[in-house]
Amino acid sequence: MVYRFAGPMNPSDSTSAPAAIQPDGHDGYRPDLVEAKWQARWAERHTNEPDLDGAARPFYNLMMFPYPSAEGLHVGNMFAFTGSDVFGRFQRLRGFDVFEPIGYDAFGIHSENYAIKLGINPAELIPRNIANFRRQLTRVGGMFDWRHELSTTEPSYYKWTQWLFLQLFKAGKAYKKKAAVNWCPNDKTVLANEQVLNGHCERCGAAVEQRFLEQWFFRITDYAERLLDNLDDKSKMDWSDTTTTAQRNWIGRSEGAELTFEVDWDPDDTITVFTTRPDTVFGATFLVLAPEHPLVEQLTTSDQRHAVEAYRKAAAAKDLVSRKVGEKEKSGVFTGTYAINPASEERIPVWIADYVLMDYGTGAIMAVPAHDERDFEFATKYGLGIERVIAAPGDDAGAPLAQAYVETTGATLVNSGEFDGMAPDKAKRAITDWLAKQGLATVRVQYRLYDWCISRQRYWGPPIPIIYCDDCGPVPVPEKDLPVILPAIDDFRPDDTGISPLARHEEWYFVPCPTCRKRARRETDVSDTFLDSAWYYLRYPSSELDDRPFDRARTAKWCPVSTYIGGNEHAVLHLLYSRFLAMVLQELGHVAFEEPFRKFRAHGLIVKDGAKMSKSKGNVVIPDEYIDRWGADSFRMYLMFLGPFQEGGDFRDAGINGIRRFLDKVWHLVGQSLAEGERGGEVLRPVLAKWHRTKKKVTDDVESLGYNTAIAAMMEMLNTIRESSCCEHELVEEFVVMLAPFAPHFAEECWERLGHGTSVFDARWPGYDPALLVDDTAEVAVQVGGKTRGRVTVARNAAEAVVVEAARAEPRIAKFLDGKSVQKVVYVPNRLLNLVVG
RNA sequence: GCGAGCGUGGCGGAAUUGGUAGACGCGCAGGACUUAGGAUCCUGUGGAGCAAUCCGUGGGGGUUCGAGUCCCUCCGUUCGCACCA
């Protein structure tokens with residue numbers, strides 16, 4: 001590139017700058033033609049199909065795959081995909097071999113419910129939805145490698161989902177146990193927790209019940225510590241803080257102790273509780289067990305039996321969600337039995353109450369009403385003892401409590417025997433050690449995380465590949481017999497039994513036992529959709545292979561995923577399950593890494609009228625009409641310009657034409673550059689500096705997903721170019737390259753007009769010269785007493801004295817200094833001068 | 001209730017992380033070119049004021065030469081989690 005340095009521009013000359021670029025308005029940019037042309041070319045030329053086996057610089061650019069709804073791809077999906085695609089194209093221009101696959105997460109209860117409503121089998125419905133999504137995804141111009149498109153509902157995919165289940169089963173990581181599910185008696189179906197609103201079915205409003213069914217679980221809790229520790233390992237995971245924080249909270253590690261309480265009528269019978277506050281054990285005035293606790297039966301005395309039975313029954317009838325989030329009013333009943341507090345040796349009553357959950361800790365607690373809000377509320381309601389054992393600095397040991405005192409900092413123990421005066425944090429350990437010596441305590445780490453229930457008593461999912469034989473027990477389906485095909489049946493609607501519809505189909509249900517060949521029965525539950533999506537990134541690179549789930553060499557080349565972009569609504573479940581599976585697969589020797597996503601960034605959510613887009617709210621915006629009117633490139637760029645990509649925002653269409661105008665102007669600039677030929681070659685020094693600053697800013701911003709400001713910087717640059725009537729050929733070319741991630745078809749067409757026979761994505765991202773980033777003069781703001789009073793233009797890095805003199809010479813500034821003396825001078829070179837006056 | 005985030009013109013949003021608040025775009029106003037313009041091109045556009053100037057980043061207080069940015073406090077709002085012992 002040849003630049004002529006014309007020195008600093010004289011501002012007074014700028015008034016004469018002519019509008020060198022005349023619009024013609026008619027033979028201009030036609031997005032419909034340009035986009036169709038390039039989409040066809042990309043397909044013909046295999047532009048977006050990297051050599052998966054031989055790529056020199058592989059970059060796996062993954063976006064969360066969509067659920068192919070009947071309404072079609074909406075603006076929220078397009079926002080997310082475009083943001084990811086911009087990044088992929090940027091990396092391509094930086095010389096990486098980018099693999100950007102796409103697929104469909106099409107199993108699950110949403111599809112099934114919709115199919116039930118229409119009375120059409122989802123197996124018929126889903127392909128139509130997918131065809132529509134494929135059409136839309138092509139239109140929006142993503143650089144998808146269509147050779148590797150997949151759907152989780154294809155037998156060629158779910159064969160391997162089932163294979164995955166078998167690997168976990170064989171490794172002892174899958175097991176079956178009875179667990180509660182939400183049951184809607186009206187829809188006769190199992191509901192997910194999020195489908196229960198205030199104890200009622202989301203769809204029909206019927207009160208939801210609790211049922212106990214045998215379910216398959218994966219032992220994710222075995223990995224709690226690793227899942228937690230890796231979050232802090234930057235060499236394995238570069239994730240946004242909001243996401244790692246959410247995972248940390250979900251895993252919910254807490255340190256404490258298990259304490260043993262003897263039952264007063266028989267020291268051999270004991271109740272074990274988990275507590276994070278062993279320091280308060282002297283204040284434990286009663287015990288509470290979960291109603292389902294197995295010891296309740298033997299602890300209940302005959303005169304309390306009736307009340308206890310009634311309470312347990314009532315608790316069981318409540319559905320899971322209202323038990324957890326419904327009425328907060330505490331309730332419970334006395335079992336009639338007493339236990340001995342191991343510290344105070346007091347005799348304390350044993351109660352049951354549904355505020356204690358069976359699936360956390362040991363299902364039993366020691367209640368310390370003085371220092372726990374829930375226990376305080378319960379003790380107050382039932383007139384149980386409240387014994388203070390922690391005192392704040394000024395408090396008297398005997399002072400009564402109006403509410404639970406839960407602070408620990410600065411406080412000390414009281415009424416706790418030899419531990420009086422100790423700080424709670426120290427006492428936790430001291431008391432645990434003291435009780436441990438008597439065999440009554442063990443240190444314990446507890447997690448909030450629970451095992452992953454993968455059973456769904458539904459139709460639309462991959463059948464769990466297990467066969468039950470009366471003689472052999474549960475037998476895994478031999479791998480050679482996979483996939484267990486989900487049969488095409490008409491009556492896929494769930495019924496009152498709580499058993500999957502598949503059980504009604506004898507020809508499918510009964511099979512010979514793989515081991516002894518006797519008649520046996522298939523597992524009729526299907527697996528959770530989160531299992532489908534927990535490994536799809538492994539399948540993409542190997543999707544054409546039908547003899548293995550993922551090829552070892554391909555996986556080693558492309559995984560872990562380089563950059564993964566998706567919604568924060570999956571911050572916990574999807575991302576945690578994927579991490580868990582990767583750890584298991586690594587242990588079993590199938591993959592070489594334990595963290596599947598090297599870099600993860602959450603995009604923001606596009607809402608409409610303040611609400612998430614959903615069909616039920618009737619606020620779904622479909623991109624097609626906007627693409628028809630403005631073109632995919634304008635719409636892509638508009639979505640990226642709306643606001644920060646990682647924050648999202650409210651969708652409105654005001655302003656798309658601003659982007660379209662910008663592209664029109666670039667179109668004309670390209671034409672102008674061609675018409676001017678070599679004569680367009682003069683770039684004034686200030687324009688040149690601005691250009692290099694722009695290249696730096698756009699590079700940095702795109703790198704950090706700051707798309708809105710990157711676009712703003714390009715707009716600013718275009719304004720500068722037009723003001724200075726510059727259309728130097730190479731500058732225009734570089735400008736087109738920088739625009740390409742945002743407006744790929746447009747950039748291709750401009751690139752071709754500029755005389756290139758190859759794709760713009762085979763060009764290189766422009767570099768910048770750090771030496772040219774700055775002008776040789778600087779405008780320094782001048783403050784008097786902290787208020788900005790004017791500005792002076794001085795040489796770059798001018799000495800303080802020079803700037804002060806220049807400031808004093810400026811009448812608008814000088815008048816604020818009249819009759820005052822300068823007490824202090826604060827000078828920030830090239831930025832600001834503050835004259836502090838007396 | 002707990003946790004995380006956010007609050008800036010008529011609107012979407014910028015602000016090198018303590019240094020010229022409002023970049024860029026929309027909208028709006030005036031003008032140019034037009035048979036016409038919902039096209040295009042100039043110019044202007046935080047509020048008040050004729051002006052000098054003053055006031056302005058949810059409210060109040062503080063630190064600092066200097067605060068949208070840091071600290072305290074209150075209000076509003078969004079998103080998670082939800083009796084986790």
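A, B, ... follow the sequence lines: proteins, then strands. Residue 1 opens every chain. Every heavy atom of this structure was used, including side-chain atoms; hydrogens, water molecules and symmetry mates were not. For clarity, every value in this text was computed on a predicted model and none was experimentally measured.
The closest side-chain donor-acceptor pair between T242(A) and T245(A), if any, does not fall under 3.5 angstrom. For D425(A) and T408(A), the side-chain atoms include no donor-acceptor pair closer than 3.5 Å. Between the side chains of S634(A) and Y626(A), no donor-acceptor pair of N or O atoms lies under 3.5 Å.
Annotation: of the two residues near RNA chain B, G786(A) and A654(A), the 5′-most nearest-nucleotide partner is A654(A). Nearer the 5' end of RNA chain B, as judged by each residue's closest nucleotide, is the contact made by L642(A), out of L642(A) and E716(A).
The phosphate of G19(B) (OP1 or OP2) has no side-chain N or O of T788(A) nearer than 4.0 angstrom. Applying the 4.0 Å criterion to OP1 and OP2 of G25(B), one finds that N719(A) has a side-chain N or O inside that range. Within the 4.0 Å cut-off from OP1 or OP2 of G27(B), not a single side-chain nitrogen or oxygen of R652(A) is found. Contact annotation: R661(A) does not reach the phosphate of C41(B) (side-chain N/O to OP1 or OP2, under 4.0 Å). In this structure, N249(A) does not reach the A4(B) phosphate: none of its side-chain N or O atoms is under 4.0 Å from OP1 or OP2. At the phosphate of A85(B), OP1 or OP2 sits under 4.0 Å from a side-chain N or O atom of S254(A). When the side-chain nitrogen and oxygen atoms of R722(A) are compared with OP1 and OP2 of C41(B), one or more of them lie within a distance under 4.0 Å. A close approach under 4.0 Å does occur between a side-chain nitrogen or oxygen of K815(A) and OP1 or OP2 of U53(B).
Atom name C1', nucleotides U69(B) and U63(B): the rounded distance is 14 Å, in whole Å. Rounded to the nearest Å, the gap between the C1' atom of G18(B) and that of U53(B) is 27 Å. Nucleotides G68(B) and G9(B) place their P atoms 14 Å apart, quoted to the nearest Å. Here, G10(B) and U17(B) have their P atoms 30 Å apart, quoted to the whole Å. Annotation: G22(B) and U16(B) have their P atoms spaced 13 Å apart (nearest Å).
Listed by chain and number, the residues in a salt bridge (charged side-chain N to carboxylate O under 4.0 Å, His left out) with D451(A) amount to none (sequence neighbours excluded). Applying the salt bridge (charged side-chain N to carboxylate O under 4.0 Å, His left out) test to D372(A) and every residue at least two apart in sequence or in another chain returns R374(A). Residues satisfying the salt bridge (charged side-chain N to carboxylate O under 4.0 Å, His left out) criterion with R253(A), sequence neighbours excluded, are E225(A), E255(A). Considering only residues two or more places apart in sequence or on other chains, F662(A) meets the ring-ring contact (aromatic ring centres under 6.0 Å, His included) condition with none of them. Residues passing the side-chain hydrogen bond (donor to acceptor under 3.5 Å, both in side chains) test with T709(A) are D701(A), sequence neighbours excluded.
Contacts between residues 822-834 of chain A and RNA chain B, defined by a heavy-atom separation below 4.0 Å, involve K824(A), V826(A), V828(A), R831(A), L832(A), N834(A), listed by number.
C2(B) is paired with G80(B) under the Watson-Crick or G-U wobble criterion, all donor-acceptor distances under 3.5 Å. Across all strands shown, U43(B) is found opposite A29(B) as a Watson-Crick or G-U wobble partner, with both distances under 3.5 Å. Under the Watson-Crick or G-U wobble criterion, with both distances below 3.5 Å, A52(B) has no partner in any strand shown. Pairing for U63(B) is absent, judged as Watson-Crick or G-U wobble with the two contacts each under 3.5 Å. Base-pair partner of U57(B): not found among the strands shown (Watson-Crick or G-U wobble, both distances under 3.5 Å). G9(B) is unpaired under the criterion used here, namely a Watson-Crick or G-U wobble arrangement in which both key atom distances are under 3.5 Å.
Following rounding to the nearest Å, K381(A) (NZ) and C83(B) (P) show an atom-to-atom distance of 17 Å. Atom pair I251(A):CD1 and G80(B):P shows a separation of 19 Å (rounding to whole Å applied). Atom CE in M640(A) sits roughly 14 Å away from atom P in G13(B) (whole-Å rounding). Distance CG (N568(A)) to P (C79(B)): 13 Å, rounded to an integer number of Å. Atom CD in E292(A) sits roughly 14 Å away from atom C1' in C83(B) (whole-Å rounding). Between K787(A) atom NZ and G19(B) atom C1' the separation is 17 Å, expressed in whole Å. Atom pair E647(A):CD and C6(B):C1' shows a separation of 8 Å (rounding to whole Å applied). Rounded to whole Å, atom C1' of C81(B) lies 20 Å from atom CZ of R253(A).
Out of C41(B), C83(B), A85(B), the shortest distance to the side chain of I365(A) is found at A85(B). Nearest nucleotide to the side chain of T242(A), out of A82(B), A4(B), C83(B): A4(B). Checking A15(B), C54(B), A85(B) against every side-chain atom of T709(A), the shortest atom distance belongs to A15(B). Of all nucleotides listed (C65(B), A85(B), G12(B)), A85(B) comes nearest to the side chain of Y360(A). Distance from the side chain of T275(A) is smallest for A85(B) among the nucleotides C24(B), A82(B), A85(B). Between U53(B), A85(B), G25(B), one nucleotide has an atom nearer to the side chain of F641(A) than all others, and that is G25(B).
Heavy atoms of D664(A) sit nowhere under 4.0 angstrom from any nucleic acid atom. As judged by a 4.0 angstrom heavy-atom cut-off over every strand, F378(A) is placed among residues making no nucleic acid contact. Within 4.0 Å (heavy atoms only), N657(A) reaches sugar-phosphate atoms of the nucleic acid but no base atom. K697(A) comes within 4.0 angstrom of no nucleic acid atom, judged by non-hydrogen atoms across all strands.
An anti orientation is assigned to U57(B), its glycosidic angle lying beyond 90° of 0. Regarding the sugar-base torsion, G61(B) falls in the anti class, its angle being beyond 90° of 0.
Ion pairing of R248(A) with D241(A) is absent here, as no side-chain N (NZ or NE/NH1/NH2) approaches a carboxylate O to less than 4.0 Å. Here E716(A) pairs with K690(A) in a salt bridge; the nearest charged N to carboxylate O distance falls below 4.0 Å.
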Practice prompt. Mind running side-chain contact (heavy atoms from CB on, under 4.5 Å) on I386(A) and F376(A) for me, showing each step along the way?
Written response: CA-CA 8 Å; I386(A) 299 173; F376(A) 186 90; 3.9 Å; yes

